[in-house]
Amino acid sequence: MGDFNAVSAKMSKMTSEFLTDRDYISMSRFQTVSEIITYLKENTKLSSYFDGYEDSYEAERKLDLYKLDLLTKLRHYYKGNYLNFVNAAISEFEIDDIKRVLRYLKTKDGRRSLKDRLIVLNSDNLIEENDTIKTFVEKLKGTKYYKVLRQYVDDAEDVVLFYMEMNLDKLYYQQLVEISNTFSKAEKQKVDEVLGVKIDLLNITWIYRGIKYYGLMPEELLNFAVIGGKVFNFDRLREMVYMDIEKEFVPYILNSHYEFLFQGESQDIYLDRRSSRFLYYTCREVFKRDFFDFSKFAAFMYILDFEVKDIRGIMEATRFNLSPGETLNYLVRSYKGSELTWL
């Protein structure tokens, strides 16, 4: 209890330093990424991560470093399988770097050096000038990533990245689920209020779009689904991948815990935002309620993720010259009309 008490206090301190609604509303008025960075540097706890001269690409990389820094600081409070879970969560940065390398090798985009793209991997020891996707994957032999990537190295170029990235994502969530299965039954249930919900939302979105837009076979949809959701277990997922989208799938979800995803109009347009907002506010409730168990970390890691995503969202909105109201509507967190009067 004492260990959880200490790390809970640390996470509460971290979240108290996150940006406020007023910060986001203020930044929604800016026209350039430079103005946003200046605001972050002069008015928030993110000041130490920026020098004020970053372009949008460099700014996004530094936001990743900020996120990694906070999670790494929390790692020291945990041990055993709790530490294993935190390490598995942090492996997201390694997985994202592997994706960056794979994309780099496929596109040969030289506008940025690979070194400038990576967060945790060292490109000097990883990539040589004549490397291909196949030779890079061979360098991963002995890691957990090799097995899930090697089976696709000879696939057609137009699908190889899709299959590799889907398998890396699945591996990431599978390891979180496997570690959470070692927790006590009560704690596993609490962690599933966050992780299980996240997996359910991922699977619903994946199956819906896989059927409607990509015409994927049921077996392929099931293969890339993540087992371990709070509501939808393997048997239910197996039923879902064979459903007709309009006649069966959507009504099925409308009769579930996630009915909000397909209520109202513009379902496809707002699917991601509805999913993210539901998870965000679920995590906030878990974070406030559960002070002395591991579910607080599970909630924190997604609250932090949404913090970074919303800052990125503000930056991205400047590219499209969106109004302040449109910009805020683009974010995960929601705003009421009274809040917009601060503008």
Quick one: list whatever passes side chain to side chain donor-acceptor pair (under 3.5 Å) with N181, sequence neighbours left out.
-> K188

How about S323 and E326: does a side-chain donor come under 3.5 Å of a side-chain acceptor?
-> yes

Using a 4.5 Å cut-off on heavy atoms from C-beta on, say whether the side chain of S56 contacts that of M315.
-> no

Do the side chains of D64 and R312 get nearer than 4.5 Å, heavy atoms only?
-> yes

Can you find a heavy atom in the side chain of F136 that is under 4.5 Å from one in the side chain of T132?
-> no

Do side-chain atoms of Q174 reach the backbone of V226 as a donor and acceptor pair under 3.5 angstrom?
-> no

In short, M301 meets A298 closest at the heavy-atom pair CG-O, 3.2 Å

Residues two or more places apart in sequence or in another chain: which of them pass side-chain contact (heavy atoms from CB on, under 4.5 Å) with V120?
-> L68, F93, E94, D97

For L328 and Y24, work out which heavy atoms get closest and say how close.
-> CD2-O, 3.8 Å

Going by atom types alone, do Q175 and S91 pair a side-chain donor with an acceptor below 3.5 Å?
-> yes

Quick check: does any side chain N or O of K170 sit under 3.5 Å from a backbone N or O of N223, one acting as donor and the other as acceptor?
-> yes

By salt bridge (charged side-chain N to carboxylate O under 4.0 Å, His left out), R150 pairs with (sequence neighbours left out) none

Does a donor on one side chain and an acceptor on the other come within less than 3.5 Å for Y330 and E316?
-> yes

Within-4.5 Å side-chain heavy-atom neighbours: I204 and L261 | yes

May I ask you to check whether over 12 heavy atoms, not counting those of F162, lie within 6.0 Å of atom CZ?
-> yes

Listed partners of R61 passing salt bridge (charged side-chain N to carboxylate O under 4.0 Å, His left out), at least two apart = none

Taking the six-membered ring for Trp, are F278 and F260 parallel (under 30°), tilted (30 to 60°) or perpendicular (over 60°)?
-> parallel

Run the numbers on D155 and M164 for side-chain contact (heavy atoms from CB on, under 4.5 Å), then give the verdict.
-> CA-CA 10 Å; D155 282 6; M164 286 185 168; over 6 Å; no

Just by distance, do the side chain of R100 and the backbone of L118 share a donor-acceptor pair under 3.5 Å?
-> no

Qualifying residues under salt bridge (charged side-chain N to carboxylate O under 4.0 Å, His left out), relative to K13, sequence neighbours excluded = E17

Apart from L322 itself, what residues make up its hydrophobic cluster, given side-chain heavy atom links below 4.5 Å?
-> F320

Given F4, which of F297, Y77, Y82 fulfils the ring pair (Phe, Tyr, Trp, His ring centres under 6.0 Å) condition?
-> Y82

For V148, enumerate each residue passing the side-chain contact (heavy atoms from CB on, under 4.5 Å) test, keeping only those at least two apart in sequence or located in another chain.
-> N167, L168, L171

Which atom names give the shortest non-hydrogen contact between A88 and Y172, and what distance separates them?
-> O-CE1, 3.3 Å

Quick check: does any side chain N or O of T205 sit under 3.5 Å from a backbone N or O of L202, one acting as donor and the other as acceptor?
-> no

Any side-chain donor near an acceptor of the partner, N87 and N84, under 3.5 Å | no

Do the side-chain N and O atoms of D23 and Y39 include a donor-acceptor pair separated by under 3.5 angstrom?
-> yes

Closest heavy-atom contact between S275 and L201?
-> OG-CB, 3.4 Å

Find out if a path of hydrophobic residues (ILVMFWY) with successive side-chain heavy-atom gaps under 4.5 Å connects Y53 to Y66.
-> no

Say whether, by atom type as modelled, one donor and one acceptor occur between the side chain of E35 and the main chain of Q31 under 3.5 angstrom.
-> yes

Just checking, any donor-acceptor pair under 3.5 angstrom between side chains of Q189 and K230?
-> no

Return yes if some donor-acceptor pair links the side-chain N/O of N255 with the main-chain N/O of P251 below 3.5 Å, else return no.
-> yes

How about L46 and L19: do any of their side-chain heavy atoms sit closer than 4.5 Å?
-> yes

Going by an N to O cut-off under 4.0 Å, is there a salt bridge joining E193 and R289?
-> yes

Give a yes or no on whether K147 atom NZ has more than 12 heavy-atom contacts from other residues, nucleotides or ligands under 6.0 Å away.
-> no

Nearest atoms (heavy-atom pairs only) where T318 meets V33 | OG1-CG2, 3.7 Å

Over 60° means perpendicular and under 30° means parallel, so classify the ring planes of Y152 and F224, tilted if in between.
-> tilted

Give me the ring orientation class for F183 and F85: parallel if the planes are under 30° apart, tilted from 30 to 60°, perpendicular past 60°.
-> tilted

Tell me, please, which residues at least two apart from R236 pass side-chain contact (heavy atoms from CB on, under 4.5 Å).
-> V231, F232, N233, Y252

Side-chain ion pair, R273 and D310, N-O less than 4.0 Å | no

For E54, enumerate each residue passing the side-chain contact (heavy atoms from CB on, under 4.5 Å) test, keeping only those at least two apart in sequence or located in another chain.
-> I37, F50, D51, E58, A59, K62

Tell me, which pairs form a salt bridge (charged side-chain N to carboxylate O under 4.0 Å, His left out) where one or both residues lie in residues 206-228, sequence neighbours left out?
-> R209-D272, K212-E246, K212-D268

With sequence neighbours left out, what residues match R238 under salt bridge (charged side-chain N to carboxylate O under 4.0 Å, His left out)?
-> D235

For Y281 and S334, test the side chains for any donor-to-acceptor distance below 3.5 angstrom and give the result as yes or no.
-> yes

Check whether the side chains of E138 and Y146 place a donor and an acceptor atom closer than 3.5 Å, and report yes or no.
-> yes

Heavy-atom pair of closest approach, residues K106 and V160 | CE-CG1, 4.5 Å

Should M217 and L221 be regarded as members of a common hydrophobic cluster, given that ILVMFWY residues are connected when their side-chain heavy atoms come within less than 4.5 Å of each other, either directly or indirectly?
-> no

Is the closest side-chain donor-acceptor distance between D200 and Y258 under 3.5 Å?
-> yes

Might you work through the side-chain contact (heavy atoms from CB on, under 4.5 Å) test for I133 and V137, ending with a clear yes or no?
-> CA-CA 6 Å; I133 288 178; V137 170; 4.3 Å; yes

Could you list all the salt bridge (charged side-chain N to carboxylate O under 4.0 Å, His left out) pairs where at least one residue sits in residues 297-309, not counting sequence neighbours?
-> K67-D305, D305-K309, E307-R333

